[in-house]
Amino acid sequence: MNLVEKILAKASGRTTVRPGDVVVANVDCLLLHDLSGYITSRVFENEVRRPMRYPERVVMVFDHHFSPPSEERARMLEENRAFARRHGIHLFDCGSGNIHHVGVRKGFVRPGTIVVGSDSHTPVHGALGCFAAGLGNNSHAGTVMPFGKAWFRVPETIRIELSGTQKKGVVPRDAALWLTGQIGEGGAVYKALQFAGPFIKELEMWDRWLFPLITIDVGGKCGFIEPDEKTIDFVRSFTKEPFDVITSDEDAEYVELRTYDISDLEPQIAASPTLGNVGPVGKFAGAPVQWAELGGHGGGRLQDIRQAAEILRGRKIAPGVKFNIVPSSREVFTEACQEGLVQTLHEAGCTWFPPSTGSNQAINMGAMANTEAMVSTHARNFPGRNGSPEAKMYLGSAYTVAASALAGKIADPRAYLV
């Protein structure tokens, strides 16, 4: 069996499982943000009406309504706080950071476990060697609370091996965007994606994270990377809780093997309307932008902030461009302060926002008019996600975002790297 099959077998009390089997498995962590948590809590209390079995396994993070723009939104947060107090779940209030970064940094995500969440990007946690999947707000998530279990159909697995060395100015986020286009939207429906190969093995943990992040956007159920010493050291830096390191058998079977060499890859851009519309930055160069942002579920990492500072140090962003910097967690903001990155980007004309998911869905910031465009490190670029459905959303690396903010249009970051 592979890693996912072993985890699902263990959590459901079975010796073995095969793709297609349906299992009822014990859940180790349920992640909710303020939007999904509000819906799920109402389903749980108004329809399920059972005691919460494992409140210590439930985590709610306020990362969308991090600064409520209306009385109605503020009331939703108050109801979430009251729900957390009634049931004793973990609550991380406004300014704590992005749901997935908080889940990792507070030690709730560990190798060998099952992590579910009312957020479609929950599969990102497969980077830590666990089975992680998104659940619907008012279906599975509401019933995980009373039982501590969820049912799954064991997925078939596609093994994706990446090799090669990236050129200067090309970073792992470029490879992840490119890979989304290679697999194709809907190219891996209900499959598990194993990301492997020498390129993946050499990555640091927060860069590995970018690959399971794309799982849902190609239709997959989960994505994972085999845990190794880097994984163990990374998780141990956040928690002393015990965990089992589970790895795939050498003779594990895969429905398909795909190999890619990223040596010749250029900086990438994914342009509206979907992530599948991805290509070299030169294809989109010159398109005007009024907004830039480091943020979203996969953005706002310390690596992103460092890359932006590398481009913008001693320079000013273009007139008419607004550049939002959204740290993924309070810890990242502290580290950015200590390294002098906050001042560097502030002096370049950027605006700092509280640790959160940023302008994702434009609830508190970043809403665009129909004539505007944004380039960001967000995970999605669907029409209407950040304001007008006619506004344009470009996704790229932090290098590309910073270079574009400097130029006032989509630009190749390599021109600004010495």
Between [X] and [Y], is any pair of side-chain heavy atoms under 4.5 Å apart?
| X | Y | answer |
| --- | --- | --- |
| F195 | E226 | no |
| P155 | V4 | yes |
| K322 | E372 | yes |
| P355 | V332 | no |
| L31 | V116 | no |
| L3 | T247 | no |
| F199 | Q166 | yes |
| V61 | V59 | yes |

Under the ring-ring contact (aromatic ring centres under 6.0 Å, His included) criterion, do F66 and F353 qualify, and how do the steps go? CA-CA 10 Å; F66 59 83; F353 282 82; 7.0 Å; no
Non-hydrogen atoms of [X] and [Y] that approach each other most closely:
| X | Y | value |
| --- | --- | --- |
| S272 | A391 | OG-O, 4.4 Å |
| P146 | V48 | CG-CG1, 3.6 Å |
| F152 | A133 | CE2-CB, 4.5 Å |
| T215 | P123 | CB-CB, 4.1 Å |
| P68 | L77 | CG-CD1, 3.5 Å |

What verdict does the side chain to side chain contact (heavy atoms under 4.5 Å, CB included) test give for K283 and N277, after you've listed the backbone C-alpha separation in whole Å, the side-chain angles of each residue and the deciding distance to 0.1 Å? CA-CA 11 Å; K283 177 180 177 181; N277 185 24; 4.2 Å; yes
Going by atom types alone, do [X] and [Y] pair a side-chain donor with an acceptor below 3.5 Å?
| X | Y | result |
| --- | --- | --- |
| T274 | E185 | yes |
| D304 | T377 | no |
| N324 | E293 | yes |
| S329 | E331 | yes |

For [Y], is there an ion pair with [X] - N to carboxylate O distance below 4.0 angstrom?
| X | Y | answer |
| --- | --- | --- |
| R49 | E45 | no |
| E78 | R75 | no |
| R236 | D233 | no |
| K10 | D244 | yes |
| D228 | R208 | yes |
| E339 | R306 | yes |
| E256 | R258 | yes |
| R173 | D207 | no |
| D217 | R380 | yes |

Are more than 12 heavy atoms, taken from residues, nucleotides or ligands other than [X], located less than 6.0 Å from that residue's [atom1] atom?
| X | atom1 | answer |
| --- | --- | --- |
| K221 | NZ | yes |
| R50 | CZ | no |
| D264 | CG | no |
| Q343 | CD | no |

Return each pair, listed once, that meets side-chain hydrogen bond (donor to acceptor under 3.5 Å, both in side chains) where at least one residue sits in residues 396-412; pairs must be two or more places apart or across chains.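 Sorted result for residues 396-412: E310-Y399, S397-T400, D412-R414.
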Check against side chain to side chain contact (heavy atoms under 4.5 Å, CB included), N381 and L275: CA-CA 7 Å; N381 61 351; L275 277 84; 3.6 Å; yes
Could you walk me through whether T40 and M145 pass the side chain to side chain contact (heavy atoms under 4.5 Å, CB included) test, one step at a time? CA-CA 9 Å; T40 302; M145 291 176 174; 3.6 Å; yes
Aromatic ring centroids of W178 and Y260 under 6.0 Å?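 Yes, the ring of W178 comes within the 6.0 Å limit of the ring of Y260, centre to centre.
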If you measure from [atom1] on [X] to [atom2] on [Y], what distance do you get to the nearest 0.5 Å?
| X | Y | atom1 | atom2 | value |
| --- | --- | --- | --- | --- |
| T165 | L265 | OG1 | CG | 12.5 Å |
| F243 | T113 | CZ | OG1 | 10.0 Å |
| S328 | D63 | OG | CG | 11.0 Å |
| C350 | L341 | SG | CG | 11.0 Å |

Sequence-distant partners of S41, side chain to side chain contact (heavy atoms under 4.5 Å, CB included), two or more places apart: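 Partners of S41 under the side chain to side chain contact (heavy atoms under 4.5 Å, CB included) test: N80, F83.
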Checking F234 against W206 for the ring-ring contact (aromatic ring centres under 6.0 Å, His included) test, could you report, in this order, the C-alpha distance in whole Å, the side-chain angles of both residues, the deciding distance, and whether it holds? CA-CA 10 Å; F234 180 77; W206 287 119; 5.2 Å; yes
Kindly write out the residues that satisfy ring pair (Phe, Tyr, Trp, His ring centres under 6.0 Å) with H64, not counting sequence neighbours, or none if the list is empty.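 Counting only residues at least two positions away or on another chain, H64 forms a ring pair (Phe, Tyr, Trp, His ring centres under 6.0 Å) with H33.
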What residue among H101, H100, H297 forms ring-ring contact (aromatic ring centres under 6.0 Å, His included) with H125?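 That would be H100.
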